[in-house]
Amino acid sequence: MADSHNCGYVALIAERKMRLVLLGPPGIGKGTQAGILAGEYGILHLSTGDILRSEIDRKTALGILAKPYIDKGRLVPDETMLDLMTRRLEQKDVLDGYILDGFPRTLPQGTGLQQILGKLSQELTSVLALEGDMETIVERLSGRRTCRNCGTIAHVIHHPPKIDGVCDRCGGELYQRDDDRPDVIRERIEVYQRQTEPLMEYYSKNSLLKKISGKGTVEEITDNIIRVIPK
Ligand code: ADP
Ligand code: ZN
């Protein structure tokens, strides 16, 4: 009796945790905003792009599988991503809440995520969709530099590091991702329109979806996002 009472209590607490999904085209600033929001709310920043790049650096089986897709600007197969995220979301550190950055990215990943959450008795707090025009996106991606060590994002014009080529946060090396080069950028935008945009409709069927303009300064966008997240 006492046990079942306890379980209910724990479930109630778990229910109040912030669980966010950040959607939006490549380059709109998902990674930057997800990092800030994770800090604001004390939740975990789960970036599938960062996870995959770390697997590639460590030459794991997953990294070796993912690399050719990423290099071409294509998506890693749904089955692989769902496998990865099922295992990730079963870990204890996600219990305090999280922001998903880069997942789900296709309709099958969206429905797969619902199944994973159902099994874990978790619900999403909000699905945040950053929107912006092509010009902004291409400009942001081509100037983007990423820290090899901690994944922090800089921009050569809008957000230059204090020391050229060095991460402000950890001192790691800033580099231009292979998939941030012009021909791959074009492919990624097409892939986004074809495979990720249908997710918007999926989430707009419930009231979880909140659309936010991805224009403006980093701080302005953060403010706009925080304003639409239920307290
Ligand atoms: P961006 O959002 O700027 O495109 P990410 O770092 O999120 O960059 O992703 C980089 C690449 O990693 C994608 O182009 C894709 O190849 C792969 N990837 C990341 N997340 C997923 C996912 N959920 N499903 C399939 N592929 C993914
Ligand atoms: Zn760093």
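Read the numbers this way: they start at 1 and go in the same order the structure lists the ligands and their atoms.
- In terms of modelled atom types and a separation under 3.5 Å, the side chain of Glu197 and the main chain of Tyr192 share no donor-acceptor contact.
- Take the Zn ion (ligand 2) as the corner point: the lines to SG of Cys150 and to SG of Cys147 open at 110°, to the nearest 10 degrees.
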For Lys67 and Asp57: C-alpha separation, side-chain torsions, deciding distance, then whether salt bridge (charged side-chain N to carboxylate O under 4.0 Å, His left out) applies.
CA-CA 10 Å; Lys67 189 171 175 1; Asp57 283 348; over 6 Å; no
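- When SG of Cys167 and SG of Cys170 are joined through the Zn ion (ligand 2), the resulting angle is 110° to the nearest 10°.
- When Arg188, Arg177, Lys30 are checked for heavy-atom proximity to atom 10 (C) of ligand 1, Arg177 turns out nearest.
- Judged purely by atom type and a 3.5 angstrom limit, Lys211 has no side-chain atom pairing as donor or acceptor with the backbone of Glu131.
- The shortest N or O to N or O distance between Arg74 and ligand 1 is under 3.5 Å.
- Taking only nitrogen or oxygen atoms, main chain and side chain alike, Asp101 does not reach within less than 3.5 Å of ligand 1.
- Electrostatic pairing of Asp180 and Arg145 does not count as a salt bridge here, judged by no charged N lying under 4.0 Å from a carboxylate O.
- When only non-hydrogen protein atoms are considered, atom 13 (C) of ligand 1 lies nearest to Arg105 NH2, 3.7 Å.
- Here Asp50 pairs with Arg53 in a salt bridge; the nearest charged N to carboxylate O distance falls below 4.0 Å.
- Ligand 1 has no atom lying under 4.0 Å from any heavy atom of Lys72.
- Close contacts between ligand 1 and Gly49 involve ligand atoms 5 (P), 6 (O), 9 (O), 19 (C) [criterion: under 4.0 Å to a heavy atom].
- Per-residue contacts place Gln109 under 4.0 angstrom from the following atoms of ligand 1 (heavy atoms of the residue considered): 22 (C), 23 (N), 24 (N), 25 (C).
- Which parts of ligand 1 touch Thr48 is read off a 4.0 Å heavy-atom cut-off, strictly below it: atoms 19 (C), 20 (N), 21 (C), 23 (N).
- Between Arg58 and Ser54, the side chains place a donor N or O and an acceptor N or O closer than 3.5 Å (distance only, hydrogens not considered).
- Summarising the local packing, CD of Gln91 is surrounded by more than 12 heavy atoms from other residues, nucleotides or ligands at distances under 6.0 Å.
- With a 4.0 Å heavy-atom cut-off, ligand 1 is reached by no atom of Thr106.
- Taking the charged nitrogens against the carboxylate oxygens, Arg74 and Glu187 do have a contact shorter than 4.0 Å, which makes a salt bridge.
- Note: an N/O pair closer than 3.5 Å links Gly102 and ligand 1 by distance alone.
- Atom 18 (N) of ligand 1 has Leu52 CD1, 3.5 Å as its closest protein atom, hydrogens excluded (heavy atom only).
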Worked check of side chain to side chain donor-acceptor pair (under 3.5 Å) between Arg181 and Gln176:
CA-CA 8 Å; Arg181 298 181 196 277; Gln176 180 173 43; 3.2 Å; yes
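- For a threshold of 3.5 Å applied to N or O pairs, the pair formed by Asp179 and ligand 1 contains no separation below that value.
- Residues Leu44 and Ile99 fall into different hydrophobic clusters, defined by Ile, Leu, Val, Met, Phe, Trp and Tyr side chains chained together at heavy-atom separations under 4.5 Å.
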Intermediate values then yes/no, side-chain contact (heavy atoms from CB on, under 4.5 Å), Ile229 and Leu128:
CA-CA 8 Å; Ile229 298 177; Leu128 309 157; 4.0 Å; yes
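- Atoms of ligand 1 lying under 4.0 Å from at least one heavy atom of Arg144, given by number and element, are 3 (O).
- Close approach of ligand 1 to Arg53 (heavy-atom distance below 4.0 Å) involves ligand atoms 6 (O), 10 (C).
- Between Val76 and ligand 1, at least one N/O pair is under 3.5 Å apart.
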